[in-house]
**Q** 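Before I ask anything, here is the structure I am working with.
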Number of protein chains: 2
Amino acid sequence: MAQKNILQYLILGLLNQSPKTGYDLKRVFEDDIGEFWQAQHSQIYPELKRLEQADRITHVELIAGTKLKKKQYSITADGIAFFDEWRYSSTSEIIASKDEFILKLYFIDSKKDAHLDAMFTEQKTLHQAKLDHLLDRRQTLFSQQAAVDAHYGHYLILEHAINREQDYLNWLTTARP
Amino acid sequence: MAQKNILQYLILGLLNQSPKTGYDLKRVFEDDIGEFWQAQHSQIYPELKRLEQADRITHVELIAGTKLKKKQYSITADGIAFFDEWRYSSTSEIIASKDEFILKLYFIDSKKDAHLDAMFTEQKTLHQAKLDHLLDRRQTLFSQQAAVDAHYGHYLILEHAINREQDYLNWLTTARP
DNA sequence: GTCTGCATGTAAGACGTTACATGATTCT
DNA sequence: AGAATCATGTAACGTCTTACATGCAGAC
């Protein structure tokens, strides 16, 4: 993860869909791809600057209302080429994940540990809430088949996020009914 | 993830099980908990120094063979108290995961994209290999019920890792049979 | 005697989060 | 009028990876 700068490819990919401001990008990270990648605005703005210096994106300044300036970024031909190189390259490594709850569990030796029930109950609540939110999003975004066809990748990854949470809940429930 | 220094708790937890050298810790990270947390030796050694300065661990020097020195670390009473505080505290946030393949998928709009088959095939191979490895480990570590009873947490998280991979493979196969 | 594994450390740089900072616009 | 949201940026700090560096021990 370190050293690969995946963020730049994500920004390029999002700008390849349509021109966007830094703030727009921030929201896409929060809403759409936050399940699989995260970025704060403090990371996005400097990266936009860097990409522009490398001639992979450009911007125009827009005025909203009477004074508010925003910078709308677009991808350049160079940027598209650079993005395509990444998107069609092989992905031969799985980025390892982290899970604090699971690690706490690792240190519990006995099935009879007095803390187990509370720990599992908390996680069930947490993951159920996450699952509910994802199901909500599927309802909002993909209740029409046309939307699935037009944004197939987005649909697939939302399905995957839903699966993942369901699987997590299943495991929690099986291990501690 | 940043700012919480979970690594220190993991080291304390592992030393709480039994005294270990930095190298021992490195191997546990590789073998046992690598599915849910990663740490290189370049992170472990400085952290051991820091924990010792804070009086949460101490070490004795052992000689292996005729010259090879190793430092065997043990947890102190302070260290145990600090560890217990963490292990029994609530875990109210899910650390978001990252997945490069999933993101590449996000940028694919059509079900008919010519790259989809190759992309899915690659991931199926990758995740199948990972699953095989995990099943192997379960066989090695937990084919005896006594082992399950003695290291219940370890058993649970290995089960979870296996579930997760099976679910990932299922999703891959369902989405692209 | 060479190769693999054991063993410990540091340095540089990339990546990521939190906090600091400022101002405009829209909704209630 | 105040709150929430839009909008852009920087600073400080913590975390993590890769690379550099060194030497002993055991197996073949």
Side-chain angles (χ1 to χ4, degrees), chain A residues 1-11 19-31 33-34 36-54 57 59-73 93-100 103, chain B residues 1-11 19-31 33-34 36-54 57 59-73 93-100 103:
Chain A
M1 46 252 273
Q3 252 76 326
K4 280 196 68 177
N5 196 357
I6 290 176
L7 177 60
Q8 66 182 333
Y9 300 114
L10 302 180
I11 291 176
K20 287 179 183 66
T21 67
Y23 197 84
D24 292 337
L25 289 169
K26 189 201 103 181
R27 275 183 313 190
V28 178
F29 274 96
E30 277 167 9
D31 300 340
I33 59 185
F36 302 104
W37 204 269
Q38 305 78 45
Q40 313 300 317
H41 77 275
S42 60
Q43 233 187 320
I44 293 170
Y45 289 113
E47 191 58 41
L48 284 169
K49 213 170 242 185
R50 225 187 50 74
L51 283 167
E52 187 160 39
Q53 269 164 25
I57 60 176
H59 82 273
V60 290
E61 209 161 82
L62 303 179
I63 305 288
T66 58
K67 288 191 198 171
L68 186 61
K69 292 177 183 176
K70 24 176 169 178
K71 297 183 180 172
Q72 191 180 53
Y73 289 91
E93 267 170 58
I94 300 170
I95 297 179
S97 65
K98 304 196 163 184
D99 190 320
E100 191 175 0
L103 292 164
Chain B
M1 45 253 271
Q3 252 76 328
K4 279 197 70 177
N5 196 357
I6 289 176
L7 178 60
Q8 66 181 333
Y9 300 114
L10 302 180
I11 291 175
K20 287 180 183 65
T21 66
Y23 197 83
D24 292 337
L25 289 168
K26 189 201 104 181
R27 275 183 313 191
V28 177
F29 274 96
E30 276 167 10
D31 300 339
I33 60 185
F36 302 103
W37 204 270
Q38 304 79 46
Q40 312 301 317
H41 77 276
S42 59
Q43 231 187 324
I44 293 170
Y45 288 114
E47 192 59 40
L48 284 169
K49 214 170 241 185
R50 225 187 49 76
L51 283 167
E52 187 160 39
Q53 269 165 24
I57 60 176
H59 81 271
V60 290
E61 210 162 82
L62 303 180
I63 305 288
T66 57
K67 288 190 197 173
L68 185 62
K69 291 178 184 175
K70 23 176 170 178
K71 297 182 180 174
Q72 192 181 53
Y73 289 91
E93 267 171 57
I94 300 170
I95 297 177
S97 64
K98 304 196 163 184
D99 189 321
E100 191 175 358
L103 292 164

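The chains referred to below are lettered A, B, ... by the order of the sequence lines, with proteins before strands, and numbering in each begins at 1.
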**Q** Sequence neighbours excluded, which residues qualify as side-chain contact (heavy atoms from CB on, under 4.5 Å) partners of B:Lys26?
**A** B:Tyr23, B:Glu30, B:His41, B:Ile44
**Q** Using a 3.5 Å distance criterion without hydrogens, assess whether the side chain of A:Gln38 forms a donor-acceptor pair with backbone atoms of B:Ser97.
**A** yes
**Q** C:dG5 P sits how many Å from B:His41 NE2, rounded?
**A** 16 Å
**Q** To the nearest Å, how far apart are A:Lys98 NZ and D:dT15 C1'?
**A** 8 Å
**Q** Scan A:Ser42 against the nucleic acid and name what it touches under 4.0 Å (heavy atoms): base, sugar-phosphate only, or nothing.
**A** base
**Q** Whole angstrom is fine here: how far is it from CH2 in A:Trp37 over to C1' in C:dG16?
**A** 10 Å
**Q** Looking at side-chain heavy atoms only, is the closest gap between A:Lys20 and A:Val28 below 4.5 Å?
**A** yes
**Q** So what does A:Lys71 touch, heavy atoms closer than 4.0 Å: a base, only the sugar-phosphate, or nothing?
**A** sugar-phosphate
**Q** On DNA chain D, check which nucleotide each of B:Gln40 and A:Gln72 is closest to and give me the residue with the more 5' one.
**A** A:Gln72
**Q** May I ask you to verify if any side-chain N or O of B:Arg27 is less than 4.0 angstrom from the OP1 or OP2 atom of C:dG5?
**A** no
**Q** Taking CD from A:Gln8 and C1' from C:dG16, how many angstroms apart are they, rounded to a whole number?
**A** 16 Å
**Q** Which nucleotide sits closest to the side chain of A:Tyr23: D:dA7, C:dT8, C:dT17?
**A** D:dA7
**Q** Got a sec, which residues hit side chain to side chain donor-acceptor pair (under 3.5 Å) with B:Glu52, two or more places apart in sequence or on another chain?
**A** B:His59
**Q** What are the atom names and distances for every N/O pair under 3.5 Å that joins the protein to nucleotides 23-28 of chain C?
**A**
| from | atom 1 | to | atom 2 | distance (Å) |
| --- | --- | --- | --- | --- |
| C:dA24 | O3' | A:Leu68 | N | 3.4 |
| C:dT25 | OP1 | A:Ala64 | O | 3.3 |
| C:dT25 | OP1 | A:Thr66 | N | 2.8 |
| C:dT25 | OP1 | A:Thr66 | OG1 | 3.3 |
| C:dT25 | OP1 | A:Lys67 | N | 2.8 |
| C:dT25 | OP1 | A:Leu68 | N | 3.4 |

**Q** Over how many whole Å does the gap from B:Glu47 atom CD to D:dG14 atom P extend?
**A** 12 Å
**Q** Over how many whole Å does the gap from A:Gln43 atom CD to D:dA11 atom C1' extend?
**A** 15 Å
**Q** Any chance you could measure B:Leu10, atom CG, to A:Glu100, atom CD, to the nearest 0.5 Å?
**A** 8.5 Å
**Q** Find out whether A:Trp37 and A:Ile95 are in side-chain contact, i.e. whether some heavy atom of one side chain is under 4.5 Å from a heavy atom of the other.
**A** yes
**Q** Rounding to a whole Å, what distance do you find between B:Asn5:CG and D:dT15:C1'?
**A** 9 Å
**Q** Quick one: is B:Tyr45 getting a side-chain N or O under 4.0 Å of the C:dT8 phosphate, OP1 or OP2?
**A** yes
**Q** Axis-to-axis angle across the helix from C:dG1-D:dC28 to C:dT28-D:dA1, five pairs an end, to 10 degrees?
**A** 40°
**Q** Could you check if a side-chain atom of B:Lys71 sits within less than 4.5 angstrom of a side-chain atom of B:Val60, using non-hydrogen atoms only?
**A** no
**Q** Could you pull out all residues at least two apart from A:Tyr9 that satisfy ring pair (Phe, Tyr, Trp, His ring centres under 6.0 Å)?
**A** A:Phe82, A:Trp86
**Q** What is the distance, rounded to the nearest whole Å, between atom CG of A:Leu62 and atom P of D:dC6?
**A** 16 Å
**Q** With sequence neighbours excluded, what pairs up with A:Arg27 under the side chain to side chain donor-acceptor pair (under 3.5 Å) test?
**A** A:Asp24
**Q** Mind checking if A:Lys49 touches a base, just sugar-phosphate, or nothing, with heavy atoms under 4.0 Å?
**A** sugar-phosphate
**Q** Report yes if at least one side-chain N or O of A:Lys69 is closer than 4.0 Å to OP1 or OP2 of D:dC6; otherwise report no.
**A** no
**Q** Report yes if some heavy atom in the side chain of A:Thr21 is under 4.5 Å from a heavy atom in the side chain of A:Leu62; otherwise report no.
**A** no
